[in-house]
Amino acid sequence: VATLFFLNLTVTQGTLYGLIFCANIIQVNNSIFFGQPKLRPLQVIVSFVNLDLGIPLCFYHGMDDADKAGLQFVFPAYLFILTMMVIVVCHYCLQRSPTTAPSSCVYRFPIIIGERAVGVLSTLIYLSYSKLLRTVIDVLTYSTVQLPRGDVYVWFYDGNVEYLQGKHAVLFVVAMV
């Protein structure tokens, strides 16, 4: 976030917007561009731009796909909260009385950010939105398994998890909110 502020990287600049757009297209068509899942440097860079880690990761023993999908909601939520905090702090600092010493750190915060705030914060929201949208689509996607006793709906990313059962029900509710 600080890098975006200091380098003034925003989606209003054509270069960054084009880079993000291309990275989103590549990420959506990941299997077409990269084939079988292997760790490739370009794939990791594209994943970073799309707020993904780009490498397979397990935080604890027994972590399954439902847990990983749940963690995918955390980073966009963190960016939304961070954006709201910056807006509130800037608003609060600008509303302070004129008797406040201009040399105080809190008073200088909106001056340091200045005109960059809207562009940079919109860039964060844009990146978070695309990540959040991909995660919601992943959680809501299901597949049908035909069994002799009838069709069973399972979560597309883990066929062992029945759709809207157990952990997936919690993910479904979070995705719908």
Side-chain angles (χ1 to χ4, degrees), residues 1 3-4 9-87 120-177:
V1 175
T3 305
L4 290 175
L9 296 173
T10 64
V11 290
T12 57
Q13 296 174 350
T15 307
L16 185 63
Y17 184 74
L19 174 70
I20 293 171
F21 180 74
C22 288
N24 284 336
I25 296 299
I26 291 171
Q27 185 73 18
V28 167
N29 298 303
N30 199 6
S31 62
I32 295 169
F33 288 114
F34 298 115
Q36 296 298 321
K38 293 180 184 174
L39 189 59
R40 296 190 172 111
L42 180 61
Q43 187 176 7
V44 172
I45 292 169
V46 168
S47 295
F48 281 160
V49 171
N50 284 305
L51 300 180
D52 281 333
L53 221 48
I55 55 175
L57 189 64
C58 183
F59 289 112
Y60 57 88
H61 181 68
M63 185 174 184
D64 60 0
D65 288 330
D67 297 332
K68 291 177 185 178
L71 288 175
Q72 295 295 319
F73 286 111
V74 173
F75 191 65
Y78 164 72
L79 287 179
F80 282 128
I81 291 169
L82 188 64
T83 301
M84 290 302 152
M85 286 177 35
V86 168
I87 291 170
V120 170
L121 294 177
S122 65
T123 302
L124 285 175
I125 296 298
Y126 175 69
L127 289 171
S128 299
Y129 177 75
S130 77
K131 171 68 176 162
L132 196 59
L133 183 63
R134 280 192 320 275
T135 304
V136 167
I137 289 171
D138 289 349
V139 168
L140 298 180
T141 305
Y142 68 91
S143 184
T144 306
V145 177
Q146 297 176 349
L147 298 174
R149 62 182 167 102
D151 292 346
V152 176
Y153 296 105
V154 295
W155 186 33
F156 184 77
Y157 291 94
D158 187 356
N160 296 321
V161 177
E162 285 192 45
Y163 198 72
L164 293 176
Q165 301 293 322
K167 288 183 182 180
H168 188 265
V170 175
L171 285 174
F172 184 85
V173 169
V174 170
M176 295 307 288
V177 171

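- Asp138 approaches Trp155 most closely through the heavy-atom pair O-NE1, 2.9 Å.
- Thr135 approaches Ala69 most closely through the heavy-atom pair CG2-O, 3.9 Å.
- When the side-chain contact (heavy atoms from CB on, under 4.5 Å) test is applied to Val145, the partners found at least two apart in sequence or on another chain are Leu147, Val154.
- Among pairs with a residue in residues 165-177, those fulfilling salt bridge (Lys or Arg N to Asp or Glu O under 4.0 Å) read Asp64-Lys167, Asp67-Lys167, at least two apart in sequence or across chains.
- Between Val139 and His168, the shortest heavy-atom distance links the atoms O-NE2, 2.8 Å.
- With rounding to the nearest 0.5 angstrom, the CG atom of Asp151 is 10.5 Å from the OG atom of Ser143.
- In this structure the side chain of Lys68 reaches within 4.5 angstrom of the side chain of Met63, judged on heavy atoms.
- Under the ring-ring contact (aromatic ring centres under 6.0 Å, His included) criterion, Tyr153 pairs with Tyr142, sequence neighbours left out.
- With hydrogens and angles ignored, the 3.5 Å screen pairs no side-chain donor or acceptor of Tyr163 with any backbone N or O of Val152.
- The heavy-atom pair separating Leu140 from Ala175 by the smallest distance is CD2-CB, 4.3 Å.
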